[in-house]
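Everything below concerns the one structure shown next.
Numbers restart at 1 for each chain; the letters A, B, ... are given by sequence-line order, proteins then strands.
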Amino acid sequence: MSKKIETSSDDPSGGSRVSARDQAVALSERSVDVLPEGRLEQLLGEGRPLTIKLGIDPTAPDIHLGHAVVLGKLRDFQDAGHSVVLIIGDFTARVGDPSGRSAQRPMLEPEEIDANARTFQDQAFKILDRDRTEVRFNSEWLRMPPEDLLGLMARTTVAQLLEREDFRNRMEADEPISALELLYPLLQGYDSVAIGADVELGGTDQTFNLLFGRAVQASYETGQQAIMTMPILPGLDGLRRMSKSLGNYVGVTDPPDEMFGKLMSIPDAVLPEYRSLLLPGLVDTDQPPNLAKREMARLLVDRFHGEGAGEEAETAFDRVFVQREAPEEVAEYVVTGDPVHLPAELAAAFGTSRSEVRRVIDQGGLKIEGEVLGPDSLDLPLVDADGRVFQLGKRRFVRLVSG
RNA sequence: GGGGGAGUGCCCGAGUGGUUAAAGGGGACUGGCUGUAAACCAGUUGGCUCUGCCUACACAGGUUCGAAUCCUGUCUCCCCCA
């Protein structure tokens with residue numbers, strides 16, 4: 001992108017003023033909001049590397065493509081010479097927040113948090129530039145004496161906190177809001193004070209929290225950050241946001257074939273969003289949706305698994321789903337008894353229940369070397385099973401071998 | 001502190017003593033169609049040594065020939081008053 005902006009001025013200060021605007025425009029690409037108006041440009045005009053903040057929740061370590069949207073934007077900032085501070089919210093995770101419908105967020109043990117934080121970092125560095133990233137844990141500064149905490153709390157009013165739309169809705173609906181939940185914006189706003197954030201990024205759902213960070217900064221009389229919100233990527237169902245708990249996500253560490261397959265299964269309706277958010281700069285040609293989807297899947301698999309991985313995944317995909325053949329590499333599972341009791345062995349091989357296997361068999365979903373096997377023969381002589389590829393449903397394959 | 005209400009299968013949600021493994025919906029899965037898209041049709045959706053057996057309606061006891069449904073205790077959650 002345009003990080004080298006020519007400055008044609010005779011301004012001895014280096015012309016940063018001229019380029020600040022262009023930089024701000026370039027960096028704002030794909031974002032939904034950049035607030036307040038002009039603040040980002042002003043900061044860029046200072047001509048120094050900015051500190052860009054992203055707060056993450058260590059309860060779910062797996063990064064998926066939804067995170068990739070925000071991380072990709074962080075990367076843009078890094079490429080423009082700014083540095084990123086990744087804040088792991090270990091403090092709040094350790095306290096545990098019982099809010100939100102029925103889903104009680106579990107209190108995490110320190111070890112779990114550390115493990116999650118590490119996994120998260122490993123995955124995040126598939127996108128971020130390691131050299132321009134600093135990782136901090138917010139327990140570092142949030143574990144403060146109670147009087148300081150109270151001092152922090154004194155800086156805001158309940159009314160301010162309740163400005164948040166979803167709080168107001170829940171109040172009106174008589175739904176519970178935990179005190180911690182209420183204070184959450186305050187704590188995460190303090191993170192901005194602690195690291196001296198110039199810019200904070202997040203999804204559009206974080207707008208209130210991000211803005212609140214400005215208020216907290218103001219009360220501490222530090223510089224106030226600009227905030228930038230990115231669109232929320234829809235999940236594989238095309239309806240709800242991509243999230244691990246909804247099970248509609250593509251993890252950045254998903255194996256190539258799986259990643260390719262998942263991407264092919266998204267509804268056409270969200271394809272444009274996927275392409276523009278995940279593959280910025282890719283020229284959109286007039287391809288049919290099917291081909292556009294393939295191209296996207298290829299490129300994304302390449303990005304996370306290396307050049308060429310996308311094509312391999314596509315080949316494997318065609319083999320299994322277009323030509324309906326078994327994949328080239330099929331996992332083996334060792335069976336011992338003779339005859340082979342299929343419900344038991346296949347359930348074990350695929351990690352499901354025997355009843356489930358029986359059900360699928362009853363519905364004609366079991367194939368042996370491409371031939372449908374009916375519910376009549378649940379026990380196969382070992383010689384008939386040994387070395388054969390079994391397919392359960394569309395996508396579960398295993399080769400049974402005698403041990 | 002007082003009063004009221006609620007806890008059902010992956011989720012939501014019927015069901016207030018007897019074909020109830022438990023209506024209905026969502027989701028998911030299987031088969032068909034196909035571009036692993038959408039739409040649509042059909043079926044499945046607790047477990048198992050599967051024409052049968054076992055375990056299930058927060059947990060533990062109890063009443064009954066028989067309970068998700070009645071009683072007691074425990075836990076959890078929500079609302080109202082203070």
From [atom1] of [X] over to [atom2] of [N], roughly how many Å is that when rounded to an integer?
| X | N | atom1 | atom2 | result |
| --- | --- | --- | --- | --- |
| A:K293 | B:A38 | NZ | P | 7 Å |
| A:L271 | B:U36 | CG | C1' | 15 Å |
| A:M264 | B:A37 | CE | P | 9 Å |
| A:Q323 | B:U34 | CD | P | 16 Å |
| A:I361 | B:U44 | CD1 | C1' | 14 Å |
| A:L291 | B:A37 | CG | P | 15 Å |
| A:E314 | B:G35 | CD | P | 15 Å |
| A:K367 | B:G32 | NZ | P | 6 Å |

Is it true that atom CD of A:E37 has more than 12 heavy atoms of other residues, nucleotides or ligands lying nearer than 6.0 Å?
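Open: at most 12 neighbouring heavy atoms sit under 6.0 Å from CD of A:E37.
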Under a 3.5 Å cut-off for both distances, is [N] Watson-Crick or wobble paired, and to whom?
| N | result |
| --- | --- |
| B:U20 | none |
| B:C50 | none |
| B:A67 | none |
| B:U36 | none |
| B:C77 | B:G5 |
| B:A14 | none |

Which part of the nucleic acid, if any, lies within reach of [X] when heavy atoms closer than 4.0 Å are counted: base, sugar-phosphate only, or nothing?
| X | value |
| --- | --- |
| A:G364 | sugar-phosphate |
| A:I266 | sugar-phosphate |
| A:V320 | nothing |
| A:P267 | sugar-phosphate |

Taking OP1 and OP2 of B:G47, is either one under 4.0 Å from a side-chain nitrogen or oxygen of A:S353?
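So the side-chain polar atoms of A:S353 do come within 4.0 Å of the phosphate oxygens OP1 or OP2 of B:G47, strictly under.
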For A:R358 and B:C50, is the shortest distance between a side-chain N/O and OP1 or OP2 below 4.0 Å?
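Affirmative; the distance criterion is met.
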With respect to A:Q78, which candidate in A:T133, A:D131, A:D129 satisfies the side-chain hydrogen bond (donor to acceptor under 3.5 Å, both in side chains) definition?
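The option that passes is A:T133.
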Distance, [atom1] atom - from [M] to [N], rounded to whole angstrom:
| N | M | atom1 | value |
| --- | --- | --- | --- |
| B:A37 | B:A28 | P | 12 Å |
| B:A39 | B:G26 | P | 12 Å |
| B:G5 | B:A56 | P | 29 Å |
| B:G66 | B:U55 | P | 16 Å |
| B:A68 | B:A21 | C1' | 12 Å |
| B:C65 | B:U72 | C1' | 23 Å |
| B:C71 | B:G18 | P | 16 Å |
| B:C48 | B:A58 | P | 24 Å |

A:P289 has a side chain; which of B:G35, B:U45, B:U36 sits nearest to it?
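Per side-chain heavy atoms of A:P289, the pick is B:G35.
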Considering only side-chain heavy atoms of A:V360, which listed nucleotide, B:U44, B:U36, B:U30, is closest?
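Of the options given, the side chain of A:V360 lies nearest B:U30.
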Has the side chain of [X] got a donor or acceptor that lies under 3.5 Å from a partner of the other kind on the base of [N]?
| X | N | answer |
| --- | --- | --- |
| A:D268 | B:G35 | yes |
| A:Q363 | B:G31 | no |
| A:R324 | B:U34 | yes |

Could you measure the distance from the [atom1] atom of [X] to the [atom2] atom of [Y]? Nearest 0.5 Å is fine.
| X | Y | atom1 | atom2 | result |
| --- | --- | --- | --- | --- |
| A:D191 | A:F91 | CG | CZ | 10.5 Å |
| A:F77 | A:L27 | CZ | CG | 4.5 Å |
| A:M296 | A:L282 | CE | CG | 10.5 Å |

Quick check: A:F350 with A:Y333 (ring centres under 6.0 Å apart)?
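When the ring centroids of A:Y333 and A:F350 are compared, they turn out to be at least 6.0 Å apart.
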We want to know whether A:Q217 and A:R214 form a side-chain donor-acceptor pair, criterion being a heavy-atom distance below 3.5 angstrom.
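Distance-only check fails for A:Q217 and A:R214.
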For A:A347 and for A:D257, find the nucleotide of RNA chain B with the closest heavy atom, then tell me which residue's nucleotide is more 5'.
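Mapping each residue to its closest nucleotide by heavy atoms, the 5'-most match is A:D257.
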Residue mapping more 5' on RNA chain B - nearest nucleotide basis, A:E258 or A:G365
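Its nucleotide being nearer the 5' end, the pick is A:G365.
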Find out whether A:I227 and A:D33 are in side-chain contact, i.e. whether some heavy atom of one side chain is under 4.5 Å from a heavy atom of the other.
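No - every pair of side-chain heavy atoms lies 4.5 Å or more apart.
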